Amino acid sequence: MDDTTLDRFDPAEPFVQAIVAGLEAALGQTGAPLGAEAIRSQLDLEGGPDGDVAFPAHRAAATAKSRPDEFADRLARAFSTGPLVRSAAAKGAYVNFRLDPAALTSGTLSAVLERGPDYGHHPTGGPLASVEHTSANPTGPFHIGRVRNAIIGDTLARVLRAAGTPATTQYYVDDMGRQATMITWIWSKPPAEWPEPVRTAVAGGSDGAPTEDKPDARFGRPYPAVSAYLKENAAAREEVAELIRQIELGTPPARHRELAQEILGGMLESLARLHIRFDEFVWESDFLRDGSVERVLERMHHAPHAVREENGAWAIDAAGYGLPQESGKIVFQRADGTSLYVLRDVAFHLAKFARFGRVVDVLGQDHRLHARTLDALLHEYGEARTPTYLIYQDITVPEGGRMSTRGGSAVWLDQLLAEAVARARQEVLARREDLPESEVDRIAEAVGAGAIRFHIVRVAPEKPVVFRWEDALSFEGRSGPFVQYSYARASSVLRKSDVEAGPFPFDAARLADVEELALVRILARFPRTVRDAARTMHVQALAGYAHELADQFNRFYHAVPVLRSGDERASRIALVAAVRQTLGNALDLLGIPRLETM
RNA sequence: GGGCGCGUAGCCUAGCUUGGAUAGGGCAUCGGGUUCCUAACCCGGGGGUCGAGGGUUCAAAUCCCUCCGCGCCCGCCA
C-alpha cells in the first residue's frame, strides 16, 4: 500500500474516495451528473446485505429519467474498479461495492498499529471549547441523577478532544444561592442550638449514604431537614435571606466558602472514582467580586426591552422571545438590588465567550427554560452567540418520580459504587483464586466504575431512565465489564505470544476468515464513529461501538485460533494487537479503565 | 392551560438531525457448547401494527399534521 492509499487518521477514507470518484465519473457518463459531496452524503457506508458500501440509485435515476433498477445496472457497468474497489454490482436499485479485503486489512492494521493510542483521534485544531457539566450545588453527596450529567459531560469532553476540538471542562460552583447558604446558616450554629426538627431529623437515621465520614455526607446531612424547616419558619427564612445579602455585598459569613469547598471536595472524591475530573472550577461569587455582575447589570438596564417594576426590580419584557413565563417577564434584579441567578449566569457566559470559541452546557431537562431564558438575556445584552445545550432527562425511581434527596428515594453514588464494587469483587473471587488481595480490589474497583459509566452513557441523553439495581449492576452483554473483559482477553493472548511488545508484522492476505474481515471492518470504522459522535454529541454511539467491537472480537476468538495457528499466527497476533489497541482507545473515550487481566 | 422532551418485542436499547434493501443489539426465555489462546464468553430458536391515525414521497421508525400516554418546566428560587 502506497502513501496515496493509506490514510492513518481514517483508513476507510481512501476507499470511500475511490468509490466517490468512480461514481462521479460513472454518473457523468450515464446522464445524471452529481458532485462528490452529494454522492458522499448519499452513500451507505455501512453497506447492505450484498456489499461493503452501497449507493441507492433512486434519486440519480430520477435525474436521468430512467428506471431505478436499470439505471443502477448501467451505473455498475460504467463504474471502473481498481485496487481498492474490486467490484460494483447492481441489485435492484442499489449499487453494491466490494472493497479489496487485503487492502482494507492492510490499511486498517497499519493505521491502528502505527498510531497506537492516537488511533481514532483526529488532527487537533480550531478554537478551544468549554464543556460545563455537573455543576451540582455543594450541599451534599451526589445521587445518581446528578451523575448522569457528569458521565455525559465527561464523555463528551473526551470525544470532542479526540475529534480534534481542544476542550476545557468547567464546574460552576454555586456558592451564592439559597442552597449553599442554608448549609452555612445551619453550621454557623452549634448542633445543640439547631432547631428541634432539624436536630431530630439528623439524629433520626441515616440518609442512606454509606460513607458518613466524608465531608459531603457529614455537612450535607442537615440539608433536607433545613430545607423543610425553612418552608415553615419565616424568621429562619429571614436569617438566611440576610446571609444571602451579605454574600452579595461581598462580606460572606465566616466559613461560607470553606464549607462549600469541603463539601465539594467530598463530592469530587466520588466522581474521581468514576475517573471524572475537571479542568476548572468557576465560583459564582467570583463574578460578583470582580465586578462583572455589576457591569452586566448596568448594561442590562439599557437593554432594548428592559423595564423597571414599580418596586424597583428590573426585568426584560420577554414578549418577543416566545417564553412561557406567565408574567411575560424575566426578572434579573430584585427590588432590593441583588442579582438573580440567570443574570449571574449571563456574566458567566460572557466570560466563557471571551475565552472559548464554542460553549457547551450539559443540563438536566428541568433547566430547559432556564437555557432559553439565558439565550434571551444574552441577546438583550447584545451578545450574538449562545451556548450549545446538551440536555438529558432525569433518572427516575421505579415507584415513579424523580430522585429526591428528601423522602429517601435517592440512590447515592457512593452507595451505588459500593454495591458495584462489592459485586465485581465476588465475580473476580469466583473465577480467580490466584490473585493477591490487592489485585482483586483493584480489578473490582475498575469493573464497578466501568459498569456504572457504561450503564449511564449507553442510553441517549434525551431518553428518560428508570433506575433499577439489577440493570445498573449488570456485568454481561451490553455492559462495561463485557468490554473490559474483551480487552483483558486480547491482552492475555498477546501476553502469551512471543511478540507482546510488537512490532506486529502481518500479511493481510492471511487474514481472510469471515470473522477476521468483519473485525477489520469494525476497526476501520472507529475514526468515523468518533467524528460523528463529536459532531452530533451522541456520546451513546461510543458505547455502542465499544460493544460491537468487543462482540465481534469474541466471535473471532471462538472461531479462529491465534496462538496455535500455523502460517497465520503472526498476522492474527497483529489483528489481536489492533483490536486491543482500538478497544482500549474506545474505553479511554468512555472513561472506563482498561484491565490487562480480570 | 401553554411550552419543551420522550414513546421501537415481556423488559432495556441503537437507528431519527442528512428518508433508501429483510428495523440492529442486550436482558429474560427455550435448546446447545468448556481435555483447546480467560465461559464476565460463544452458537442456535421463538418473540416487532417502530404509541394511534392521517399526509408528503418511487420509498417513512426517520419528514409534516392531529390525537393519546408519560415526564419536565411555566418563581423578585437555583
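Residue numbers start from 1 in every chain, and the chains themselves are labelled A, B, ... in the order their sequence lines are given, proteins ahead of strands. Since this is a predicted model, take the numbers as computed values, not measurements. When reading the values below, keep in mind they use all heavy atoms of this one structure, side chains included, and skip hydrogens, waters and symmetry mates.
Judged by atom type and distance alone, A:Asn554 does not reach the base of B:rA39 through any side-chain donor-acceptor pair under 3.5 Å. Under 3.5 Å, the side chain of A:Asn311 and the base of B:rC76 form at least one donor-acceptor pair of N or O atoms.
Nearest nucleotide to the side chain of A:Pro49, out of B:rC37, B:rA21, B:rG19: B:rA21. Of the candidate nucleotides B:rA14, B:rA39, B:rC12, B:rA39 has the atom nearest to the side chain of A:Tyr485.
For A:Ser492 and B:rU38, the shortest distance from a side-chain N or O to OP1 or OP2 is below 4.0 Å. In terms of phosphate contacts, A:Arg569 brings no side-chain nitrogen or oxygen within less than 4.0 Å of OP1 or OP2 of B:rC37. Of the side-chain N and O atoms in A:Arg334, one or more sit less than 4.0 angstrom from OP1 or OP2 of B:rC77. Between A:Arg555 and B:rC43 there is a side-chain N or O to OP1 or OP2 distance below 4.0 Å.
For an aromatic pair to be called close, the ring centres must be under 6.0 Å apart, and A:Phe55 with A:Phe97 fails this.
Contact annotation for A:Gln42: no contact, since no heavy-atom pair falls under 4.0 Å across all strands. Heavy atoms of A:Phe475 sit under 4.0 angstrom from at least one base atom. Backbone-only engagement by A:Val493 is indicated by non-hydrogen atom pairs under 4.0 Å involving sugar-phosphate atoms exclusively.
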In 5'-to-3' order, the base (B), backbone-only (S) or no-contact (-) status of each nucleotide in nucleotides 1-9 of chain B, using a 4.0 angstrom heavy-atom cut-off, is -BSSBSSB-
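By the 4.5 Å heavy-atom criterion applied to side chains, A:Val346 and A:Glu380 are not counted as neighbours.
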Please assess A:Tyr389 against A:His367 for the test ring pair (Phe, Tyr, Trp, His ring centres under 6.0 Å), listing each intermediate value before the final yes or no.
CA-CA 10 Å; A:Tyr389 301 103; A:His367 281 64; over 10 Å; no
Set out, in order, the CA-CA distance, both residues' side-chain angles and the distance that settles side-chain contact (heavy atoms from CB on, under 4.5 Å) for A:Ile522 and A:Tyr545, then state yes or no. CA-CA 8 Å; A:Ile522 297 174; A:Tyr545 178 85; 3.7 Å; yes
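Remark: the A:His558 side chain and the A:Glu515 side chain contain no N/O donor-acceptor pair separated by less than 3.5 Å.
Taken from CG in A:Asp434 to OG1 in A:Thr597, the straight-line distance is 7.5 Å, to the nearest 0.5 Å.
Taking a 6.0 Å sphere around CD of A:Glu470, one finds it holds more than 12 heavy atoms contributed by other residues, nucleotides or ligands.
Base pairing of B:rU49 is not made with any nucleotide, judged by Watson-Crick or G-U wobble geometry with both donor-acceptor distances under 3.5 Å.
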